[in-house]
Number of protein chains: 2
Amino acid sequence: MITLEDVARRAGVSLATASRVLNGSTRQVGETMRRRVEAAAAELGYRTNVAAQTLARGASNVIGLVVHDLVDPYFAAIADGAMRAAAEQGHMVMVGTTYRDPDREIAYVSTLSAQRVRAVLLAGSRVDDPAITGRLRRELDRYRASGGQVASVGQDLLGVATVAPANREGAAALARALAGLGHRRFAVLAGPAHLITAADRHAGFAAELAALGAPPPQVIHGPFDRNGGYTAIETLDPRVTCVFAVNDVMAVGALARLRERGVVVPDDLSVAGFDDIATLRDLTPPLSTVRLPLAEMGSRAVELALAGESAVIPVAGEVVLRESARKLR
Amino acid sequence: MITLEDVARRAGVSLATASRVLNGSTRQVGETMRRRVEAAAAELGYRTNVAAQTLARGASNVIGLVVHDLVDPYFAAIADGAMRAAAEQGHMVMVGTTYRDPDREIAYVSTLSAQRVRAVLLAGSRVDDPAITGRLRRELDRYRASGGQVASVGQDLLGVATVAPANREGAAALARALAGLGHRRFAVLAGPAHLITAADRHAGFAAELAALGAPPPQVIHGPFDRNGGYTAIETLDPRVTCVFAVNDVMAVGALARLRERGVVVPDDLSVAGFDDIATLRDLTPPLSTVRLPLAEMGSRAVELALAGESAVIPVAGEVVLRESARKLR
DNA sequence: GGCATACTGGCAAACGCTTTCCAGGAGGTG
DNA sequence: CACCTCCTGGAAAGCGTTTGCCAGTATGCC
């Protein structure tokens, strides 16, 4: 194990000089010494001990990222964006997956805080439960009290820097677009009632329908994943002409079930989702949705956190009509 | 910033005792002292400084994972498996994405080595370039010399513990299955020639065809991603009745292009891929493929690395025929 | 030439924790 | 009762870096 001291000795300089040469310092080191140190480091194969560096500096170059599920393309895209931004600033990313368990999320914040990561990013919808939110907030406060930065992608209810997708507005715009195709009788695959993202999208969609004078949609609750969409189809009212799933993976599940049941989309029924995950374009029919710049949201969150700004950055969604939704005949 | 010393002082015990109580030690601490320390830690909100711990212990509890692209479901699945296994053993995972740049891969190994991570996992196909492999090996050797563990998912050519999917055999089995459906004229969307995974699957497939007495397939090279499959279709020989893409995402790209061109799968042409990524089941038609237990491969790699075993674990692929491949009429 | 002003290099004190070694007391044995 | 052993708590020496401070030298200016 080669240490800085070995390098210094070999180069015939002090520890301080070696440190200044090898690990970015504001102080200048003379040409001669610099060369000697660099040569020694190369010959010995010196590698900085980041743990020691972190300890001495009191600051690490690691960012913590907490997502619900890395296999979900939604989080994969956010994580990818976050990692790009992090890499650009010379940081590594440590990832934790909660599998949608709020306790696990809190535990990860605690672990990452112990790791003294420079920043923690929380991605994914929060649940509407004051007890859980309270515990999470306390954990985050403690982390921030020790100098950590926090940013979230999702709702602004943790009092931290947030990249907040316009769920309500996006869903409303989608409602308008779908109504524009002539649809009046809608169903909303609304996900779990306590999930705020789901609730917001549902609310935005329903409110806009009301504003347009359409009858209230059928509302079907269920899990926020593929299976949630899949099972929701069972209870679908046959008079509905257009289904809005509050996220894409639910829409994908719904499409699967519809196909099995012989319902042809979009001939018999129009379907739309939300998020615009990458896999959508390969479905048949391609799914209509509200596009969110997921990777960019991840990057922005990293930048926000690293800059220490506690802003709330709204992100607009863009309605993308594809074949899965068609004009009502 | 609460340190262990603060806790010790508050509890009226020595640093040593506090350490033994709070951060797992083999030594016993008396009931009274133990309680006092725990109470003090709780009151003060003590959080271990992992950097200091790592430095003092000379060993960290972080695992490094290097993948090509986290958005690719193949790597997402492996990463997920790896993270599960890591979490089970109380480790965190630090991720780096190379975007298929070998230099970036080497750089990540170096960075992770500086982080003194307990183990490094390399996932994804290697390129057949002695210069690059050599540099990577040197970097890995250096890392291992400093006590690090390494495991890889893919080919066994780094001299490290490896979870090795049976690419040749899987492709051969697939060839047999497809030939069993009556196909004789095949095309192989073979990916880049220098990518070993791609080459192995191609070779296994072609060899089996030869053994079965089928004519040699048309071979179309291209990128190892969706676009590679997409563009390959342009040069497809019209006499071909069945296309084998060396991985699923290429097959997905091929399906997209075929659809655009009005070629109906499987009526006009059969298609198969390799890997069985999760998104396949939602395609129309569902894609035939060779299933690899991706998450399990990730977990196994972590276990291997953590156990310090340098075994090569073969993983068999299982042919899964779905609608995209049908009996030739 | 004399003096103030950069520069540059080195010493040594942190950073927060683990662990070896030591001492003292409790308990067991002959 | 003397002697050993076992157990528990504490003191202190690291672990590998960074960085504030000091000293010595070179530079610039009058």
Side-chain angles (χ1 to χ4, degrees), chain A residues 1-38 40-41 44-62 111 113-118 145-148, chain B residues 1-38 40-41 44-62 111 113-118 143 146-148:
Chain A
M1 186 82 297
I2 310 296
T3 74
L4 192 57
E5 192 173 349
D6 299 329
V7 175
R9 190 176 9 248
R10 170 109 175 201
V13 304
S14 76
L15 211 49
T17 302
S19 169
R20 296 198 261 250
V21 170
L22 297 175
N23 305 312
S25 147
T26 47
R27 289 256 324 234
Q28 287 293 313
V29 173
E31 189 60 18
T32 337
M33 301 276 134
R34 146 158 272 123
R35 277 207 209 295
R36 290 230 301 269
V37 172
E38 279 164 353
L44 265 37
Y46 170 71
R47 189 113 310 166
T48 304
N49 182 325
V50 179
Q53 199 170 55
T54 298
L55 179 57
R57 293 221 250 246
S60 85
N61 62 155
V62 176
T111 302
S113 149
Q115 296 276 355
R116 296 298 190 278
V117 295
R118 167 88 104 241
S146 73
Chain B
M1 185 83 298
I2 310 296
T3 74
L4 192 57
E5 191 174 351
D6 300 330
V7 175
R9 189 176 10 248
R10 170 111 174 198
V13 303
S14 77
L15 210 50
T17 302
S19 169
R20 294 198 262 250
V21 170
L22 296 175
N23 304 313
S25 147
T26 47
R27 289 257 321 241
Q28 287 292 315
V29 173
E31 189 58 19
T32 339
M33 300 278 133
R34 147 159 270 122
R35 277 207 208 296
R36 289 231 302 269
V37 172
E38 279 164 353
L44 294 171
Y46 171 71
R47 187 114 311 164
T48 305
N49 182 325
V50 179
Q53 200 170 54
T54 298
L55 180 58
R57 293 221 250 245
S60 85
N61 62 155
V62 176
T111 302
S113 151
Q115 297 276 353
R116 296 299 190 277
V117 296
R118 167 89 102 238
Y143 169 61
S146 73

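Each chain gets a letter, A, B and so on, in the order the sequences are listed, and its residues count up from 1.
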Contacts of type salt bridge (Lys or Arg N to Asp or Glu O under 4.0 Å), residue B:Arg47, not counting sequence neighbours
A:Glu139
If the cut-off is 4.0 Å, is B:Asn23 near the phosphate of C:dT18, judged by side-chain N/O to OP1 or OP2?
yes
Short heteroatom pairs, N/O only, protein and nucleotides 25-27 of chain C, under 3.5 Å:
none

Can you find a heavy atom in the side chain of B:Gln115 that is under 4.5 Å from one in the side chain of A:Asn61?
yes
Quickly work out the A:Glu31 CD to C:dC7 P distance and round it to whole Å.
16 Å
Position toward the 5' end of DNA chain D (nearest nucleotide), A:Ala56 or B:Gln28:
B:Gln28
Mapping A:Tyr46 and B:Val29 onto DNA chain D by nearest heavy atom, which one lands closer to the 5' end?
B:Val29
List, with names and distances, any nitrogen or oxygen atoms from the protein found under 3.5 Å away from nitrogen or oxygen atoms belonging to nucleotides 20-26 of chain D.
residue: D:dC21; atom: N4; partner: A:Arg27; partner atom: NH1; Å: 3.3

B:Arg57 CZ - C:dT19 P separation (whole Å)
6 Å
Are OP1 or OP2 of C:dT18 and a side-chain N or O of B:Gln53 less than 4.0 angstrom apart?
yes
Within residues 2-13 of chain A, residues whose heavy atoms come under 4.0 Å of DNA chain D
A:Thr3, A:Leu4
Check whether any side-chain nitrogen or oxygen of A:Ser14 sits under 4.0 Å from OP1 or OP2 of C:dC11, and answer yes or no.
no
List for me each residue that meets salt bridge (Lys or Arg N to Asp or Glu O under 4.0 Å) alongside B:Arg118, sequence neighbours excluded, and say none if there are none.
none
Would you say A:Ser19 reaches D:dT18's phosphate, i.e. side-chain N/O to OP1/OP2 under 4.0 Å?
yes
Return the stems involving DNA chain D, sorted by first number, where pairs are Watson-Crick (N1-N3 with N6-O4 or O6-N4) or G-U wobble (N1-O2 and O6-N3), both under 3.5 Å, and runs are 3 or more long.
C:1-30 with D:1-30
